[in-house]
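A, B, ... follow the sequence lines: proteins, then strands. Residue 1 opens every chain.
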Amino acid sequence: MTDSKYFTTTKKGEIFELKAELNSDKKEKKKEAVKKVIASMTVGKDVSALFPDVVNCMQTDNLELKKLVYLYLMNYAKSQPDMAIMAVNTFVKDCEDPNPLIRALAVRTMGCIRVDKITEYLCEPLRKCLKDEDPYVRKTAAVCVAKLHDINAQLVEDQGFLDTLKDLISDSNPMVVANAVAALSEIAESHPNSNLLDLNPQTINKLLTALNECTEWGQIFILDCLANYTPRDDRESQSICERVTPRLSHANSAVVLSAVKVLMKFMEMLPKDLDYYGTLLKKLAPPLVTLLSAEPELQYVALRNINLIVQKRPEILKHEMKVFFVKYNDPIYVKLEKLDIMIRLASQANIAQVLAELKEYATEVDVDFVRKAVRAIGRCAIKVEQSAERCVSTLLDLIQTKVNYVVQEAIVVIKDIFRKYPNKYESVIATLCENLDSLDEPEARAAMIWIVGEYAERIDNADELLESFLEGFHDESTQVQLQLLTAIVKLFLKKPTETQELVQQVLSLATQDSDNPDLRDRGYIYWRLLSTDPVAAKEVVLAEKPLISEETDLIEPTLLDELICHIGTLASVYHKPPSAFVEGSRGVQHKRLPARAGSGESAESPEVGQSGTSEAPPAVIPSQGDLLGDLLNLDLAPATTTVPSVQPSMQMGAMDLLGGGLDSLPGVSHRTEMQSPQPSSDYSERELGGDIGGSPSMGAALGAPAAMPAALSNAPAVGGGLGDLFDLGGGVGMPTGFYVAPKTLFLPAMKAKGLEISGTFARRGGIIQMDLSLTNKAMSVMTDFAIQFNRNSFGLAPAGPLQVLTPLTPNQTIDVSLPLGTTGPVMKMEPLNNLQVAVKNNIDVFYFSCQYPLSLLFVEDGKMERQVFLATWKDIPNDNEAQFQIKDVHLNSDAASNKLQGSNIFTIAKRTVDAQDMLYQSIKLTNGIWVLAEMRVQTGNPNYTLSIKCRAPEVSQFVYQCYELVLKN
Amino acid sequence: MIGGLFIYNHKGEVLISRVYRDDIGRNAVDAFRVNVIHARQQVRSPVTNIARTSFFHVKRSNIWLAAVTKQNVNAAMVFEFLYKMCDVMTAYFGKISEENIKNNFVLIYELLDEILDFGYPQNSETGALKTFITQQGIKSQHLTKEEQSQITSQVTGQIGWRREGIKYRRNELFLDVLESVNLLMSPQGQVLSAHVSGRVVMKSYLSGMPECKFGMNDKIVIDKQGKGGTTDDTGKSGKQSIAIDDCTFHQCVRLSKFDSERSISFIPPDGEYELMRYRTTKDIILPFRVIPLVREVGRTKLEVKVVIKSNFKPSLLAQKIEVRIPTPLNTSGVQVICMKGKAKYKASENAIVWKIKRMVGMKESQISAEIELLPTNDKKKWARPPISMNFEVPFAPSGLKVRYLKVFEPKLNYSDHDVIKWVRYIGRSGIYETRC
């Protein structure tokens, strides 16, 4: 007898026939009929019309028939809720059956019938089954609680099933424990904040005991649950690890991966100097390698996970390169993943082997694989400097094969190599140019055009080459159009005489004939730049580009940490957080790695690091939240507020164009963005950091050329200049410049992960500048600098970005002048001239505070009319007058007055009474506050007396300090 | 967890469809058919995400098994489960084919109901399942209460893989050490990568609940004993010990005991099962060496000469030797001369297949071929796939030796000496390739 015949009955009137058969008296015939119904159901026919007839067959002692009827019920009960009630009695009765298999079957099936009325009846039998004497029934009932919760969560809570389920964790039977853990974990996922699983050392101990005894699947449930626990300290963490490691030898790969997940997570808490830490690292490698001899589908899952593990802890598999060599018969998905891991593991030690392999792969059949192999060669060149030359020659060999897609891929990576090692391999350009005609993919064309534009001065016929692309300009993709536009502008700036026509042609194509707003925008920006200020244009367009980073395609560290918590699951296969592919609330909580406990490691955890800095300079640093909040405004606001009308367009231009330029350099820009690691473990804070680092406009702003400060010479500065001239005419003598104090240490390297900042303030030609020296005392390159001030007494704020154009290499010092404006947000500080600064780089955000001399704020037009001075002096109440002694000044009154004028302290009048010179002076602050002073200088007496009157007497003290500073230096 | 499980034939028709979770609808069945089975391109991943629903699939001959979910499930577990599902089905009705599945669909539904509950895998050991899921499954009413609870305690018990009360007149066990040796060699004869993946398969026909202990020449164990024991002992066996990179065990083996003492102790399932898997990479005996020589004579002719050398004791005999020499796609004709065995050009496989039935150790044999090529204007070079080899040798290329397998059954009256034990070593080629 074969059952396959049931699949073939397609007669008309079948339903009626079945109906008759179902109601037959003969048991055999009934069973046959039910089988036919199930077969029809499987292939998608609607047999719901038979519902009452099938349910009638339920009352039977034939277990096989009963199971078939149950199967039918599970499928159709929802569509026939009223009739489904007919089945309830049988279920309730079956739950009392002496045979545990039948009891379990009933409770299992009932849970799958999603009809409200039935669930009500389910509660009592379920309660009994949860306490059944037979473990088989209990383990089934445990899962049933999860089913019921999925239908009606409130009911489960009201009926107290959750507590019963929790009790089952202490059950004597390991399989009951495992199922209870699975059910609880699932329910807990939809109640993120409930303390449902209540993991504590006692329950953990129970779970670890059950782990040794239950089925392979149960072990997975328990390990996955353990991974959600955060041990109290490193000792507990170690003891759990010790009890989990034996699982690494399990035949079931899922058990192994779940164990790896627990270990990877708990390892975070172990101090690195611990012997056990090293042992654990060593133990992890062999099972991971063994996973590669599993079936291909599992290999794929394993490889996706290994990809994460290698990024998190490269040391585990660094000696295992060979096992990732591709086998000829591997399925393509395994090949591609292996290739990825090979590149991650490539190092100076094994690069020769890797390259030989990659070259082999580049001759394979599968196009995607070959492309990836070629790209991999380029990535090796960028990653391992010593191999760059060999990689380039390998790529050239590959270009000689003339296989179209190989050539294109090679050109794309060679462009990256040029960016990494400028002025080193340009000799190959000739070879590249030979292949110009064979390029038909946008990415390759764009790369080639970039190369031609970038090295236009070395390519004799660059103009011809670019012109040839221009013919079909409108048929090109945006990427190529943008690149072509930039390349021709570069060419023009390098060889202006011959290429004027070309550049006009491309600009008109881009601005007049194109519908693409990005292209038009970029076209206009170039156009205006070229027509207003070719020198500035040169600085913008031909500015030195930041080097591209070594590691490519890295997963952003916060995401990586989250994915490590999801090892073995779909999230780790997709390399996406669960929220990206799971609907609803389930599993959307973000998991994170525990913080390390060891004190020696505090530098690794930014949270600790930050609290450390905030403790050191007491009381000056405001709450972190504030500063970070301010930092978010960093992008544009400070620049645009201070800069007059022409400026915004200029700056926006530079930004857009660089931003766009980066976008069109495929991969590279994204990779560099990905680079800015924010290895904080607090989620919300990282989001913030990510925003700052990831914002492309920021990156562009940083990369913008130094055109800004010059353009800043705005109205007040001009006024100041005239004032000076006038004074000169008055014959007072040459005023000395603004006194600039020597740089002092603002931020020691110890507190800022190797970044040392010292600096001073100056006022030059009406512009306030903060002169900074940034020194990299760390081992790695620093990039992506940005600066932001906290609100302060006089509204000081950066008027431009921090101009650190090139990455700061270790031990390098760079001097920058940061223009400051005074229109930022105001908040009174204590002391008044205190300034709190946040500096960001690719490593972290650092905070320090410093004090500026008030003379910074003395404006150039601070000379008062005599009458006004007299009136004001009288007007200000005497209470506001402050007297100071300036000691040990060896200057006569004229010299002093001259010196003070350099700092915008203007002498309005001078009176001589009894060999005593009285100097009347006025000062105006940026915020419009006037300060009046009377300085008495006695010939022969090195001590001056200074009386200061001001409507805001708080400033007097600081004005006095300025006098001291200026006169004594 | 797993939301549903579907089985399709090669045309994409559903043979089995079982839905466990409410979030999986009937349309999921069609989505997989349209996007994966009927997809134009070759499938690029065993995991596919279609409209926020993830599909895991494996293929057995031309049958597709697909597990479906909308949650962040343990992906490794899902695949392990699908493999297990295949094992269980094979154990019940043999080969997985459309015919067999249709013939046993009721049984399959019954199994799916038992081994997957709300998408959570439950006990899936065939030994245990066969006690209460039978093709004639009407036994239930005849069972006594004791028998019933015996079933349930086995299904849920600590030793879920073995039932109590097994009796054999003759206690017997068979151990097969099955190794597959993998090699990738450069044309110059340099070993690029080589490893042995081995399995110890046991067939046990033992009464009662026997406690077993398995010993092999594991370097770590031997070295440990060597320190404690006499130097004489290490002189005998120490040399032959092997370094095992990693091993995994059947769930019957007590892993914590292996972790602490490195001893392998267990109560075996009844019948055939895989006790352990292991992997070695050091001191592998490569049974054959392939020396290729490919010469391009002009644009339309290739000369290929391949020498194989057997590298083991002359008293041993290798069997089923097959060398596969790939030929370019534009081959028009091939002339082959070989001293031993038979060689044929198979145009459909683009290869010369050279078969030798038997070959003793320390011998060499040679084949030479002239390949005529059609002139093509295809610029792309021939990829030159590696020369692969198949064989079977009666020893373990890793050097693994079984030292003992002790059986204790305190309750029944048979001792270790009464058990008849058989040990066999088979080394097969895995992926054994030499680039040319």
Note to self: Could you tell me if A:Tyr574 and B:Ser54 have a donor-acceptor pair between their side chains, going purely by distance under 3.5 Å?
What the structure shows: yes
Checklist line | B:Asp117 and A:Thr140: side chain donor to acceptor below 3.5 Å | finding: no
Notebook entry, point to check: With a 4.5 angstrom heavy-atom cut-off, which part of B:Arg435 approaches chain A: side chain, backbone, both or neither?
Noted result: side chain
Next item on the list: Please report the closest heavy-atom contact between B:Glu433 and A:Asn329, naming both atoms and the distance.
Entry: OE2-ND2, 4.1 Å
Next item on the list: Name the region of B:Ile101, side chain, backbone, both or neither, that has any atom closer than 4.5 Å to a heavy atom of chain A.
Entry: neither
Checklist line | Closest non-hydrogen atom pair between B:Leu255 and A:Arg247, with its separation | finding: CD1-NH1, 3.4 Å
Note to self: For a quick check under 3.5 Å, do B:Tyr278 and A:Thr290 share a side-chain donor-acceptor pair by atom type?
What the structure shows: no
Notebook entry, point to check: Checking B:Arg52 side chain against A:Val582 main chain: does a donor-acceptor pair fall under 3.5 Å?
Noted result: yes
Check: Side chain, backbone, both or neither: which part of B:His195 has a non-hydrogen atom closer than 4.5 Å to chain A?
Finding: side chain
Check: Looking at side-chain heavy atoms only, is the closest gap between A:Glu64 and B:Val106 below 4.5 Å?
Finding: yes
Notebook entry, point to check: Checking B:Asn72 side chain against A:Ala571 main chain: does a donor-acceptor pair fall under 3.5 Å?
Noted result: yes
Notebook entry, point to check: Measuring from B:Leu184:CG to A:Glu357:CD, what's the distance to the nearest 0.5 Å?
Noted result: 6.0 Å
